There are 2 protein chains.
Amino acid sequence: MPETIIDFYKPSDKMYVATDCLIFGFDEGQLKLLVFKRRVEPRRGEWSLIGSFVNLDEDVEVAAKRVLAEITGLENVFMEQLGAYGAAGRDPGYRTISIVQYALIRINDYDKKLVESHGAHWFDINEVPELVLDHDKMFAHGLEKLRRKARYQPIGFELLPEKFTIPQLQKLYEVIYQKELDGRNFRKKLLSLNVLIKLNEKDKSTSRRGAFLYKFDYKKYQQLLKSGYNFEIT
Amino acid sequence: MPETIIDFYKPSDKMYVATDCLIFGFDEGQLKLLVFKRRVEPRRGEWSLIGSFVNLDEDVEVAAKRVLAEITGLENVFMEQLGAYGAAGRDPGYRTISIVQYALIRINDYDKKLVESHGAHWFDINEVPELVLDHDKMFAHGLEKLRRKARYQPIGFELLPEKFTIPQLQKLYEVIYQKELDGRNFRKKLLSLNVLIKLNEKDKSTSRRGAFLYKFDYKKYQQLLKSGYNFEIT
DNA sequence: GATAATAAATGTAAAAATTACATTAATAAT
DNA sequence: ATTATTAATGTAATTTTTACATTTATTATC
């Protein structure tokens, strides 16, 4: 019987454990990723995701939130694990496992000075430059996951301001799904989900007429979920 | 500027990296999980998932497949990452990150002697005993993921023999979804997906009349995917 | 060899959801 | 008052999903 299995108290080798973060934002009608330009050698000038090693006494999740807060000044942000990247040769230096998270942030909320000070830049997801190590793969997987998930869970709202208009929301889904949606059907569908609160305010930044602002009703959504409710946006 | 971030070449602390595996099977009309009873101290007699430490020169994924092969004798099995479990206090011994995979196996294929020799047992998913450490949480998450995923991806077939009948397939989806399905609508739906190959053979083990055997057409499925095909079983 | 028993297989109508599509409404600028 | 522009609305056709009952193939038994 192999000796390597289930032997929690005779562990063999230690490795470095890092966490990297895909930070998505929505701005100017585009879905964007925040990437970081290395300003130190080696690999100076290469683009990469933002990350950190995980401290010995620190939850992986806490480490990820620490990084995000240090970079953007944001706390209480939507963040979820994408997965662990653990190929033996993924980092040519030391053997390092990276646990990747993706975060969705409201692009107007973050601390722009802080972000700039870290050499970070937003790229349209269609124009993200080549990234260091296996970060390209992480990005590709994260984008896929975001696209899949947006369909069945109300994560899109994490990318919009708290108050948003239906046309804004539609544009967001259009860039996520990479296809045009019919305005009438989209509005009908969204309103039929019963989780939008119409406000008595308009956003006039994009039209003379102005568009009504809405909020997403998290409470209602949670309630509905309990009774077999199905959120889906096609 | 914080010193802890993106400093890949001044890593701080090493940790143990393990991989644990949720092994699902379908037998006697029940969805089952393979769990392992510790036969050595400490924690002798406690149930846990099957796992191993990851070797320094080994991909995490390879480690997981190694474990699965050592335990079941199976290779080329459906396996996917569930995620990394990295709470600082999850293992009271050493700081260990566990990367959890879930595997779907054909319950008639595995090496029963080998499995028994490792003190492993199949439990109906509704009767899984308390598991060691955070393995309960892993199991709960894995089951959720399996349920979600079964709906939009043809993973159910991984749990059935290569040749299966429609009623078998229906029963599988019934136990995954925990609800009864209408036989006529289920059959209609499945056949309309155009990815089942009807064979000229019957399985007579459950009825006098016998039920036709089918195979899942992976090639066709892959082709269809490319042209915007939507697999969904409700 | 007729009959009984049993699970497999099939069809159709009603209801619900999705799609396609064109016009009117509100407002600010000229 | 007119123009320009985006927001907002409704309806009919199509597709998908649901609900529901009978016939078919076969083996065992009388």
Side-chain angles (χ1 to χ4, degrees), chain A residues 28-30 150-152 154 160-161 163-215 224 227-234, chain B residues 28-30 150-152 160-161 163-175 177-215 224 227-234:
Chain A
E28 298 166 343
Q30 287 300 328
R151 190 162 168 170
Y152 304 109
L160 293 173
K163 299 174 181 183
F164 53 85
T165 67
I166 305 273
Q168 273 177 337
L169 187 60
Q170 178 176 341
K171 182 68 194 166
L172 172 61
Y173 276 94
E174 286 179 336
V175 300
I176 292 177
Y177 294 160
Q178 304 178 277
K179 70 170 182 188
E180 297 212 333
L181 301 172
D182 179 274
R184 289 158 291 191
N185 294 337
F186 182 82
R187 181 182 295 267
K188 208 189 317 170
K189 176 73 188 174
L190 262 290
L191 294 176
S192 78
L193 291 171
N194 272 315
V195 286
L196 295 189
I197 300 168
K198 185 174 184 175
L199 303 177
N200 222 339
E201 288 175 71
K202 282 187 167 185
D203 168 29
K204 298 205 171 171
S205 63
T206 54
S207 77
R208 301 195 156 105
R209 179 181 180 176
F212 277 103
L213 287 162
Y214 289 80
K215 280 169 105 170
L224 288 169
S227 35
Y229 167 84
N230 225 29
F231 181 94
E232 182 174 352
I233 298 178
T234 312
Chain B
E28 298 165 341
Q30 289 300 328
R151 191 162 168 170
Y152 305 109
L160 293 173
K163 298 173 181 183
F164 54 84
T165 67
I166 305 275
Q168 274 177 336
L169 187 60
Q170 180 177 340
K171 182 69 194 166
L172 172 61
Y173 276 93
E174 287 180 337
V175 301
Y177 294 160
Q178 304 178 278
K179 72 171 181 188
E180 298 212 334
L181 301 172
D182 180 274
R184 289 159 290 192
N185 293 338
F186 183 81
R187 181 183 295 267
K188 210 188 316 169
K189 177 74 188 173
L190 262 290
L191 294 177
S192 78
L193 290 173
N194 273 315
V195 286
L196 296 189
I197 300 167
K198 185 175 184 176
L199 304 176
N200 221 339
E201 288 175 73
K202 282 187 167 184
D203 168 28
K204 297 205 169 169
S205 63
T206 54
S207 76
R208 301 200 207 299
R209 179 180 179 176
F212 278 103
L213 288 162
Y214 290 79
K215 281 169 105 171
L224 288 169
S227 35
Y229 167 84
N230 225 29
F231 181 94
E232 182 173 354
I233 297 178
T234 314

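Lettering of chains follows the sequences in order, A, B, ..., and the numbering in each one begins at 1. Model, not experiment: these values are computed from the prediction.
- What separates OH of Y214(B) from P of dA9(C) is a distance of 6 Å, to the nearest Å.
- Within the 4.5 Å cutoff, the side chain of F212(A) has no heavy atoms near those of the L199(A) side chain.
- Within the nucleic acid shown, K204(A) comes within 4.0 Å of sugar-phosphate atoms alone, with no base atom in reach, counting heavy atoms only.
- Residue K189(A) contributes atom NZ, which lies 15 Å from atom P of dA20(C) at whole-angstrom precision.
- To the nearest angstrom, C1' of dA9(C) lies 15 Å from CG of L169(B).
- One can place CZ of R187(B) at 10 Å from C1' of dA7(C), the figure rounded to the nearest angstrom.
- For dA25(D), the base has no donor-acceptor partner in the side chain of R209(B) [N/O atoms by modelled type, under 3.5 angstrom].
- Between Y152(A) and Y152(B), the ring-plane angle classifies as parallel under the 30° and 60° cut-offs.
- Looking at R208(A), its side chain has no donor and acceptor atom pair within 3.5 Å of the base of dA29(C).
- Comparing G210(B) and A211(A) against DNA chain D, the residue whose closest nucleotide sits nearer the 5' end is A211(A).
- Checked by distance alone, R184(A) brings a side-chain donor or acceptor within 3.5 Å of a matching partner on the base of dA22(C).
- Residue order along DNA chain C, read from the 5' end via each residue's closest nucleotide, puts K188(B) first among N185(A) and K188(B).
- Taking a cutoff of 4.0 Å between a charged side-chain nitrogen and a carboxylate oxygen, E232(A) and R151(A) qualify as a salt bridge.
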